[in-house]
*Asks:* 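First the structure, then my questions, so here it is.
Values below: all heavy atoms of this structure, side chains included; hydrogens, waters and symmetry mates excluded.
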Amino acid sequence: MRTNLFHIVLSAIFLTLGSAEAYSQEGKNKTTTIPAEKQPSTKKDSTKVSLSEIIKPADSTAQDTLKPKKTFLESKVKRKAVDYEKMDQKKKLLTLYNQAELYYQDFELKAGIIVMDYEKNEVYAGRIKDSLGNYTQRPVFKQGSNVIEPDSIRFNTVTKKALVWNSRSTQGELNIKGEITKKENDSVYFIKNARITTSKNIDDPEYYFLARKLKLVPGKKVVVGLTNMVIADVPTPLGIPFAFFPMSNKGTSGLILPSPNDSNRQGFSLQNGGIYLALSDNYDLAVMGDYYTNGSYAMRFESSYAKRYKFRGNLNVRFENQIESERGFPDYAKTTQYNIQWSHTQDPKSNPNSRFSASVNLGSSKYYQQSLNQSNVGSALNNTLSSSVSFSKTFNTVPQVNMSITATHSQNTQTETINMTLPTFQGSVDRIFPFASEDEIKKGFIKNINFQYNLNAQNQITTKDSLFFKPQMFRDARVGFQHSIPISTNFKIFKYFSVSAGGNYNEVWYMKTIEKRFNEATQKVDNIDIRGFDAFRTYNFSSSIGTTIYGTFNFGEKKKIQAIRHVMRPSVSYSYTPSFAKYYDTYDPDGSGTMLKEYTRFEGGIYGAPGKGVSNNIGFSLSNTFEAKVTDKDSTKTEPKKVMLLNNLNFSTSYDMTADSLKLAPLRVSGGTTLLEDKMNVNFAATLDPYALDNANRRIDMFNIDNGGSLFRLSSANITINYSFSSKDGTDENDRSDPLKNQGLRNGGREDDLFGTARDLGDSRQSQFNDEDTEKAEKRTTFYKALLPWDLRLAYSLTYSNSTRQNEITNNSLMVSGNIDLTPRWKVGISTGYDFVQDGVTFTQLRFERDLLSWRMDFNWIPIGDYTSWGFFIGIKSSVLSDIKWDKRKQPDKRLR
């Protein structure tokens, strides 16, 4: 029968053992093999034997002529000690002293001193004193994968019973230290005066629960009697008469205790209470709800699922019935809000030829603005909700075929307009080179000719929030199919010029078109839906020629800036699209009977309508990059350092040869670069209009320079600067871009915390700060150099508008978010900003957090704006004791609309 001593909830006191003569010996591994005598037969006799017969005294007259030998050791003993080892044959004792190690049968034992009584089949182990008189070398008893570290232990190798003093054991997230532990059998242990804590320092915890009596079944349960809470060695009146803790490596179902709160408009409440169901190893379900004294309530269903090497995801469904004020009062209001979130990711290795993914965030447009249980204020400031569910598959044929089916959703929370595609089908056949074999090099005009086939089909729905999933929503659906066959080729001329040319054939199918008729009753033109198949076909031609020019400006190897390299990529393109007037009809706009106006029956289609006018454009573009070679500060390096000055500087415009006026399009200038070791991103753009404005601020067919102005007129410009830096090296341990880990991102918020950090009010144990463990931070802190980790993010945006001589800055704002560790256990953060146009502070959130080792305390405050609120939390970090907390919040005073 194998022992399981290591699951004991244990503790230890030093076991004093008698002194013995020391034998000087080096601490080398030795093996003692002593012949074992014959053991009693283990065979069961068919005759029943009573207990009295077993313990009956032997007959003194019946004696065997051969005296049997006494049992010695049942197996080999491996031992080791630094000071001495002693074998006492008379007392049947084996004594090991100082860094003693004993390996016998199925257990390993390390301690300061070990005494093995092989006649009684008992092992004793304890500590020894060092030169300063302090006890050291606590026993470590290991059997299989289980380990215990008591002060002293007494163990019987035959009965497997044990008595342990001051034992220490870990059961899941609980650390247990018992004054006296008794092992009853392989699966039941009894402990007297047990300390239960989640603190890592089990000998001097910052808090613990003192259980007078404790019963432990390792891996299954812990049952305690009268228990009360002790904080900093001070007993508190907080206690319970009994408790039950399920111990399992698997998920366990249980209740989720609610948090009491109150608000000015909904009254007192119990929030985030419910039940957690561990349905299987692959998925779970949490059902939580809120209840307010004025009748408001909320329900939430949250489920996470995963299958190793296949997929993982989560599903959240939220519903809230909100009541404001009391029935009969003028400010009484009642609304219902809901939100559905689904995130699913597939392991890329599970199936390389097909992939399924989902990112869903849909529901009431005002959910995040009016929710009674907001997770992230930044989500309420977002104006768009979007969703996408897609499946794609690749067929490894020749040529290769790709297909995908996608359902998308886009929702504007301000206008409450919803756009959906249910679904979008896309199929494509890979490039085919009809004039070149598969293995042949594609070179030259003829061999580079290739074509593809693409199919795009959509069922598009545009509706309002109030009509979502109602019959009218589907009646207004638009269905269309688009087939396209692009044909292209590319080749070089004069060695340095790259030429590309091609055409594109499009065919569009619609299931519904329109007909315009004048309605004499209403004196208006009606658009009459004509259901049935209809199609139109278009084609176009395009070509381009471009080259790459390299230039280097050398300043000398001894200069700090040795050289600047300039790369230019000029390009000229041409595109032509003929007129498709055959698809146009005329209608009577005023009832006069004269068909004066033209229209096409394909108006309002998903893929647009054929154009009536001829398009004949020439495009010009020039892209530039600038790179410098500078002398490296490290004198040991022989090569100069490369520094990017401008990642891109682009100029583009076009000329319409068919237009009667305003043939030249405005010049678009854009560029970007990275500075300060790639930590600052700078992007800018401007629109330069060559034409002048008349007195009514309308563009006229006259160049601005001919109207007394400059060559170009600046009509718009913008610049954005993002700067992110910190005192920490490396990347953040928490992946903010992963929607499965970032609740705020699933809500439609930002990856960064410029609009505040994401908070799941249903699980306040999680920190507001993405920081490393406090113990790691403390290890980096020295006496002479204190390290204060910090991080800072800046986002600046400036927009200038002058299209109609308004000459104004329409946007000028700076947003800041930063965190700092004042001490290894005190963290402070802020998210704020300033709008220089409106001359006011933007959304502001203050964050404070104190690491109390096993506990955590935090306070977050939004002092100004529509979301003024605060929240305070103090509780145990461990999930097994997560209900021991105090959570108090003041919610924003939101008005239902």
Side-chain angles (χ1 to χ4, degrees), residues 365 408-424 456-484 505-540 577-616 656 658-662 694-701 803-804 897:
S365 296
T408 63
H409 153 265
S410 179
Q411 183 173 352
N412 189 304
T413 60
Q414 298 299 316
T415 63
E416 300 187 2
T417 300
I418 300 175
N419 292 301
M420 304 182 69
T421 58
L422 298 174
T424 296
N456 186 290
Q458 290 187 23
N459 176 33
Q460 192 176 92
I461 299 172
T462 300
T463 185
K464 288 289 185 178
D465 195 357
S466 58
L467 300 176
F468 196 46
F469 282 117
K470 293 184 178 180
Q472 185 177 346
M473 163 183 165
F474 299 97
R475 286 199 300 266
D476 297 334
R478 297 181 300 167
V479 180
F481 300 82
Q482 183 184 51
H483 310 264
S484 63
Y505 171 81
N506 285 293
E507 183 169 332
V508 177
W509 298 348
Y510 286 146
M511 300 295 107
K512 182 175 66 175
T513 56
I514 66 169
E515 181 181 352
K516 291 182 179 289
R517 294 178 186 175
F518 181 76
N519 190 327
E520 296 183 356
T522 61
Q523 294 295 305
K524 293 182 179 179
V525 177
D526 293 337
N527 290 334
I528 301 174
D529 291 337
I530 306 298
R531 299 188 178 274
F533 175 81
D534 205 343
F536 69 86
R537 299 158 188 83
T538 62
Y539 54 89
N540 60 66
T577 302
S579 172
F580 299 97
K582 64 180 181 178
Y583 296 110
Y584 280 76
D585 300 310
T586 59
Y587 70 95
D588 179 11
D590 52 11
S592 62
T594 305
M595 302 300 210
L596 298 176
K597 290 192 175 182
E598 291 183 320
Y599 79 101
T600 176
R601 60 185 182 278
F602 301 104
E603 284 182 8
I606 298 176
Y607 303 104
K612 183 183 178 182
V614 177
S615 175
N616 196 9
D656 189 352
T658 60
D660 296 331
S661 62
L662 304 175
D694 60 12
N695 294 332
N697 294 325
R698 293 174 300 189
R699 296 178 70 206
I700 58 176
D701 193 13
S803 58
T804 57
R897 299 179 178 85

*Asks:* Find out whether Glu603 and Lys516 are in side-chain contact, i.e. whether some heavy atom of one side chain is under 4.5 Å from a heavy atom of the other.
*Replies:*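 The answer is yes; the side chains approach within 4.5 Å.
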
*Asks:* Assert yes or no for the condition that the ring centre distance of Tyr599 to Tyr587 is strictly below 6.0 Å.
*Replies:* yes

*Asks:* Taking atom types as modelled, is there a side-chain donor on Tyr607 or Asn456 under 3.5 Å from an acceptor on the other?
*Replies:* yes

*Asks:* Please examine the side chains of Ile514 and Asp529, heavy atoms only from C-beta on, and report whether any two atoms are closer than 4.5 Å.
*Replies:*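 The answer is yes; the side chains approach within 4.5 Å.
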
*Asks:* If you measure from OG1 on Thr462 to CG on Asn419, what distance do you get to the nearest 0.5 Å?
*Replies:* 4.0 Å

*Asks:* Among Asp465, Thr417, Thr413, Thr415, which residue meets the side-chain hydrogen bond (donor to acceptor under 3.5 Å, both in side chains) test with Ser365?
*Replies:*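 For Ser365, the side-chain hydrogen bond (donor to acceptor under 3.5 Å, both in side chains) test succeeds with only one of Asp465, Thr417, Thr413, Thr415, which is Asp465.
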
*Asks:* Do Arg517 and Asp526 touch side chain to side chain, with heavy atoms closer than 4.5 Å?
*Replies:*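 Not in contact.
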
*Asks:* Apply side chain to side chain contact (heavy atoms under 4.5 Å, CB included) to residues Thr463 and Gln472 and explain how you reach the verdict.
*Replies:* CA-CA 9 Å; Thr463 185; Gln472 185 177 346; over 6 Å; no

*Asks:* Side-chain contact, heavy-atom cut-off 4.5 Å: Thr538 with Thr577?
*Replies:*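 No, every pair of side-chain atoms sits at 4.5 Å or beyond.
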
*Asks:* Parallel, tilted or perpendicular, judged at 30° and 60°: which one describes the rings of Phe602 and Tyr583?
*Replies:* perpendicular

*Asks:* Hey, could you give me the CZ/NE2 distance between Arg537 and His483, rounded to the nearest 0.5 Å?
*Replies:*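 Reported to 0.5 Å precision, the distance equals 9.5 Å.
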
*Asks:* For Ile418 and Phe468, work out which heavy atoms get closest and say how close.
*Replies:*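 Taking Ile418 first and Phe468 second, the nearest heavy atoms are CD1-CD1, 3.7 Å.
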
*Asks:* Counting C-beta onward and ignoring hydrogens, is there a side-chain heavy-atom pair between Tyr539 and Pro578 closer than 4.5 Å?
*Replies:* yes

*Asks:* If you round to the nearest 0.5 Å, how far is CE of Met420 from CD of Gln411?
*Replies:* 9.0 Å

